[in-house]
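Sequential numbering from 1 along the given sequence is applied to the chain's residues. As the structure lists them, so they are numbered: ligands from 1, and atoms in each ligand from 1.
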Amino acid sequence: MNWNWMMQAFGQGATLLAAASVPLAAQGIPQATPVTPVVVSPLSDTSAIAKEAQGWLADLIKINTSNPPGNEQPAAAYLVKVLDKEGVKAEILDLGPGRSAVVARLRSSVLPDPSKALLLVAHMDVVPAEKARWTVDPFAAVIKDGYLYGRGAVDDKGMLAANLAVFIALKRANAHLNRDVIFLATADEEGGGDASIRMLIAKYWDKFAAGFAINEGGNVFVKNGKVQYVGVQASEKVAVNIAVIARGTSGHASQPTKDNPVVHLAAAVAKIGTYSAPVHLTSVVRRYFEGMAALEDDDIGKWIRSMDTPDRGEHAQRVVSDTSPLWNSMLHDTVAPTVLTAGTANNVIPNEARANLNVRLLPGDSINAVLNDLNKLVNDPAVKLEVQPNAGLDAPTSSLESEFYNVISRVASREFGGAPSLPFMSTWLTDSAQLRFHNVQAYGLVPFPLAQEDLKRMHGNDERIPLVAFDKGVDVLTKIVAEFAVARY
Ligand SMILES: [Zn+2]
């Protein structure tokens with residue numbers, strides 16, 4: 001029991017009680033030993049609010065925000081209603097028909113300092129679910145064998161509900177904040193379009209300007225039944241698409257010619273499939289692997305440690321890359337052919353065939369270097385490669401020395417049985433890139449301890465969250481936020 005919490009939880013009541021008891025003592029009337037009142041702060045014991053948050057998560061899953069079209073407005077209205085019940089005035093930020101975000105703020109003082117403020121960020125939209133491939137209705141929030149099933153259970157309604165729980169716990173505890181805490185529910189994260197955080201920042205930045213943020217992007221990785229490490233995301237890769245366009249002469253399929261663009265495209269894509277960009281260890285990835293070397297078995301650990309050596313370095317990099325697609329992508333710019341388009345009829349040779357390459361660049365790397373390599377590899381005048389517009393944002397890396405990074409790392413390690421916290425670069429995109437671009441020290445940590453088996457269901461079938469992991473995540477996130485934003489915690 002933390003005395004400060006108890007005093008804050010009692011607030012004025014405790015003061016009145018104390019005032020009333022003074023005259024009696026002053027008159028020399030014997031007083032019974034005061035019984036310490038049992039007050040449990042929602043910040044020190046999160047079990048009750050986590051149970052409530054399970055209900056919010058289930059409700060949010062039932063509001064279908066599959067993107068496209070997103071249609072986050074009903075989810076936004078739901079969040080406003082929940083916050084309203086707590087006496088928090090949340091605001092809906094309009095982002096177009098059916099699209100909105102939600103912002104709410106707990107103030108630290110009358111004149112808050114935006115550069116100190118902390119944002120709790122999560123997105124309301126989800127990727128679509130292929131209902132036929134699920135064993136349960138993806139929008140029914142079914143509870144089975146200790147798991148809550150549903151699209152968004154982890155990505156990202158789980159974190160949305162956890163953020164809501166932390167925010168409401170602060171409010172109920174009447175916590176004395178040393179910085180503003182802002183709850184932000186974003187839209188169109190999965191689409192990255194006109195209702196996304198890019199637009200939100202352009203239209204409403206003043207409503208949630210902050211110096212720090214916690215968002216999705218990193219994970220608490222469970223291996224063999226225990227937390228192996230906590231990956232705190234401080235940077236992310238950058239997505240760019242390249243169109244591969246083969247042109248030739250269209251004609252009757254009964255008289256094929258050598259310039260059939262389908263043949264040229266297929267050959268080009270096959271060559272691109274063999275491409276491996278050179279290894280580039282960013283500062284975050286270097287620190288990540290330094291930590292991983294100690295966590296993996298001797299064999300893998302040995303190869304990780306050899307990645308930088310002049311004699312065995314190249315071989316070691318190959319072994320480490322081949323060990324996991326995640327590691328491969330953390331070490332290289334990657335290129336994945338994703339869409340092929342050609343032809344309209346079985347008996348007609350088309351005059352054009354196209355492929356899309358989804359490129360994921362390491363932060364700081366240039367698309368032109370990849371483009372040059374691919375052009376050399378393809379080496380076919382009938383095939384052109386064109387970089388597509390709407391490339392991702394190459395944002396600065398969040399500091400690994402900031403007070404918030406230290407709090408997240410320290411608290412998470414402590415709460416997850418001493419598992420190390422490692423800086424993490426996600427190979428996937430999050431809203432944090434846009435925040436980092438606006439000078440926010442944004443960190444990614446979905447606080448639920450999850451095994452690979454559950455992590456891989458994000459964007460897949462039968463997405464689910466173990467309820468025990470959800471409760472633990474709510475607790476850890478509460479402790480992180482309290483330690484960073486509450487005075488005298
Ligand atoms: Zn997400």
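No other N/O/S atom of His123 lies as close to the Zn ion (ligand 1) as NE2 does.
Under 2.8 Å from the Zn ion (ligand 1) lies no N/O/S atom of Glu190, from backbone or side chain alike. Metal site remark for the Zn ion (ligand 1): Glu189 contributes no N, O or S atom at a distance under 2.8 Å.
In summary, Asp454 and Arg464 engage in a salt bridge, as defined by a charged side-chain N under 4.0 Å from a carboxylate O. Ion pair Glu401/Arg287 flagged as a salt bridge, since at least one NZ, NE, NH1 or NH2 atom sits closer than 4.0 Å to an Asp/Glu carboxylate oxygen.
A cation-pi contact, defined as under 6.0 Å to the ring centre and within 45° of the axis, is absent between Arg151 and Phe139.
Open room surrounds CG on Asn390; 12 or fewer heavy atoms of other groups in view lie less than 6.0 Å from it.
Geometry about the Zn ion (ligand 1) gives an angle of 150° between OD1 of Asp155 and OE2 of Glu216, rounded in steps of 10 degrees.
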